[in-house]
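Here the structure is a predicted model, which means the values were calculated and not measured.
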Amino acid sequence: MNKTRLEAFSDGVLAIIVTIMVLELKIPHTTDLHALKELLPTFSSYLMSFIFIGIYWANHHHLVHTVHHVNSKIIWSNLNLLFWLSLIPFTTGWMGENSFAELTVAVYGASLLLCGIAFYILQKSISSHYTQKTNLTLALAKQDKKGITSLILYSISIPMAFFIPVISAMLFIAVSVMWVIPDKDIEKALSEN
């Protein structure tokens with residue numbers, strides 16, 4: 001299979017996910033600032049999730065760019081990732097509607113953890129094609145370390161949400177900062193090939 005079909009399908013699913021999330025932002029029925037203030041938790045959860053989806057989109061693009069041939073292992077790993085990402089609008093809306101209540105933050109953290117595991121599985125599926133050590137395999141291995149660190153932080157954020165939800169949110173932000181700029185080593189390795 002050509003990787004362009006995989007990329008196009010993934011891009012379409014991610015676009016739908018963002019569309020569903022933005023539709024959860026309800027228009028206030030009044031014109032006062034208090035009405036906007038009431039939307040602040042919903043908007044904050046939307047903003048955080050939009051950033052996460054954008055980060056996944058950018059890193060997915062860079063990761064899939066390393067693929068020369070798509071096989072069924074990569075297809076199913078990619079579908080697994082898209083499935084977990086498709087649940088982000090639900091957890092985002094639930095958390096925002098309930099003003100970041102403890103359980104909603106924990107469930108949001110669990111959904112991010114499952115997305116992170118799925119992305120890690122996709123990385124492993126793609127990197128398993130490379131049998132020789134190259135600059136590209138070294139760059140992918142470096143991303144593995146970032147992925148494991150993310151999974152650890154997400155795992156900590158889930159129980160932490162029941163005690164101090166703000167710390168969970170700070171852990172979510174820490175993970176997003178780690179991933180906001182796609183790995184330049186992958187770009188460099190690809191340009192060398």
Side-chain angles (χ1 to χ4, degrees), residues 6-7 9-26 39-65 77-126 140 142-161 164-184 186:
L6 182 86
E7 289 174 312
F9 179 73
S10 300
D11 288 349
V13 170
L14 292 173
I16 291 168
I17 289 169
V18 170
T19 303
I20 291 169
M21 284 189 324
V22 78
L23 291 175
E24 287 299 314
L25 294 175
K26 305 297 181 210
L39 287 176
L40 197 57
T42 305
F43 180 76
S44 299
S45 65
Y46 166 74
L47 177 63
M48 188 166 43
S49 293
F50 182 88
I51 291 168
F52 272 111
I53 296 298
I55 288 168
Y56 272 106
W57 177 78
N59 284 283
H60 181 272
H61 169 75
H62 279 80
L63 184 62
V64 173
H65 196 66
S77 298
N78 191 65
L79 285 171
N80 180 44
L81 172 63
L82 294 175
F83 171 77
W84 294 113
L85 287 171
S86 72
L87 296 178
I88 293 289
F90 170 77
T91 57
T92 299
W94 193 37
M95 186 172 65
E97 285 289 321
N98 292 287
S99 300
F100 290 76
E102 291 87 356
L103 179 60
T104 64
V105 174
V107 170
Y108 185 77
S111 70
L112 292 178
L113 174 64
L114 292 167
C115 291
I117 291 169
F119 190 81
Y120 184 78
I121 290 169
L122 179 61
Q123 277 182 278
K124 287 298 191 187
S125 297
I126 289 172
L140 289 172
K142 181 180 169 190
Q143 256 201 312
D144 279 353
K145 292 177 186 174
K146 216 164 53 165
I148 291 169
T149 303
S150 300
L151 298 180
I152 291 168
L153 293 176
Y154 286 145
S155 296
I156 293 168
S157 76
I158 296 167
M160 188 58 65
I164 311 170
V166 173
I167 291 180
S168 295
M170 290 164 70
L171 292 171
F172 302 154
I173 292 168
V175 172
S176 68
V177 168
M178 283 183 353
W179 288 92
V180 74
I181 299 174
D183 198 328
K184 298 291 183 191
I186 291 176

Looking at I181, I'd like to know if its CD1 atom is crowded, meaning that more than 12 non-hydrogen atoms belonging to other residues, nucleotides or ligands lie closer than 6.0 Å.
no
Closest non-hydrogen atom pair, I121 against S77
CG2-OG, 3.8 Å
To the nearest 0.5 Å, how far apart are CG in L151 and CD1 in I117?
5.5 Å
Just say parallel, tilted or perpendicular for the rings of Y108 and F172, cut-offs at 30° and 60°.
perpendicular
Are any non-hydrogen side-chain atoms of M48 and M95 less than 4.5 angstrom apart?
yes
Trace of the side-chain hydrogen bond (donor to acceptor under 3.5 Å, both in side chains) decision for D11 with H60
CA-CA 9 Å; D11 288 349; H60 181 272; 5.4 Å; no
Nearest 0.5 Å, what's the OG1-CE distance between T42 and M21?
13.0 Å
Going by atom types only, do S168 and S157 share a side-chain donor-acceptor pair under 3.5 Å?
no
Ring-plane angle category for W57 and H61, please: parallel below 30°, perpendicular beyond 60°, tilted otherwise.
parallel
Is it true that, when you exclude K145 itself, more than 12 heavy atoms of the residues, nucleotides or ligands shown sit nearer than 6.0 Å to its NZ?
no
In sequence, state the C-alpha distance, the side-chain angles, and the governing distance for S10 and L82, and then conclude on side-chain contact (heavy atoms from CB on, under 4.5 Å).
CA-CA 7 Å; S10 300; L82 294 175; 3.9 Å; yes
At their closest point, which heavy atom of I20 faces which heavy atom of P89, and how far apart are they?
CG2-CB, 3.6 Å
From L85 atom CG to I16 atom CD1, the distance as rounded to the nearest 0.5 Å:
13.0 Å
List the steps and the verdict of side-chain contact (heavy atoms from CB on, under 4.5 Å) for T91 and T104.
CA-CA 7 Å; T91 57; T104 64; over 6 Å; no
Candidate pair L122 and N80, rule side-chain contact (heavy atoms from CB on, under 4.5 Å), full reasoning
CA-CA 8 Å; L122 179 61; N80 180 44; over 6 Å; no
Would you call the rings of F90 and W94 parallel, tilted or perpendicular if under 30° counts as parallel and over 60° as perpendicular?
parallel
Between the CD atom in E24 and the NZ atom in K26, the distance rounded to the nearest 0.5 Å is 4.5 Å
So do C115 and W84 actually touch side chain to side chain, heavy atoms under 4.5 Å?
yes
Verify the neighbour count for atom CE of M178: are there more than 12 heavy atoms of other residues, nucleotides or ligands below 6.0 Å?
yes
Are L63 and I126 side-chain neighbours, meaning at least one heavy-atom pair lies under 4.5 Å?
yes
Using the side-chain contact (heavy atoms from CB on, under 4.5 Å) rule, take Y154 and L171 through it: C-alpha gap first, then chi angles, then the decisive distance, then the call.
CA-CA 7 Å; Y154 286 145; L171 292 171; over 6 Å; no
Got a second to check how far Y120's OH is from D144's CG, nearest 0.5 Å?
4.5 Å
If I take atom CZ from residue F50 and atom CD1 from residue I88, how far apart are they, to the nearest 0.5 angstrom?
14.0 Å
Verify the distance criterion only: is there a donor paired with an acceptor across the side chains of W179 and S150 at less than 3.5 Å?
yes
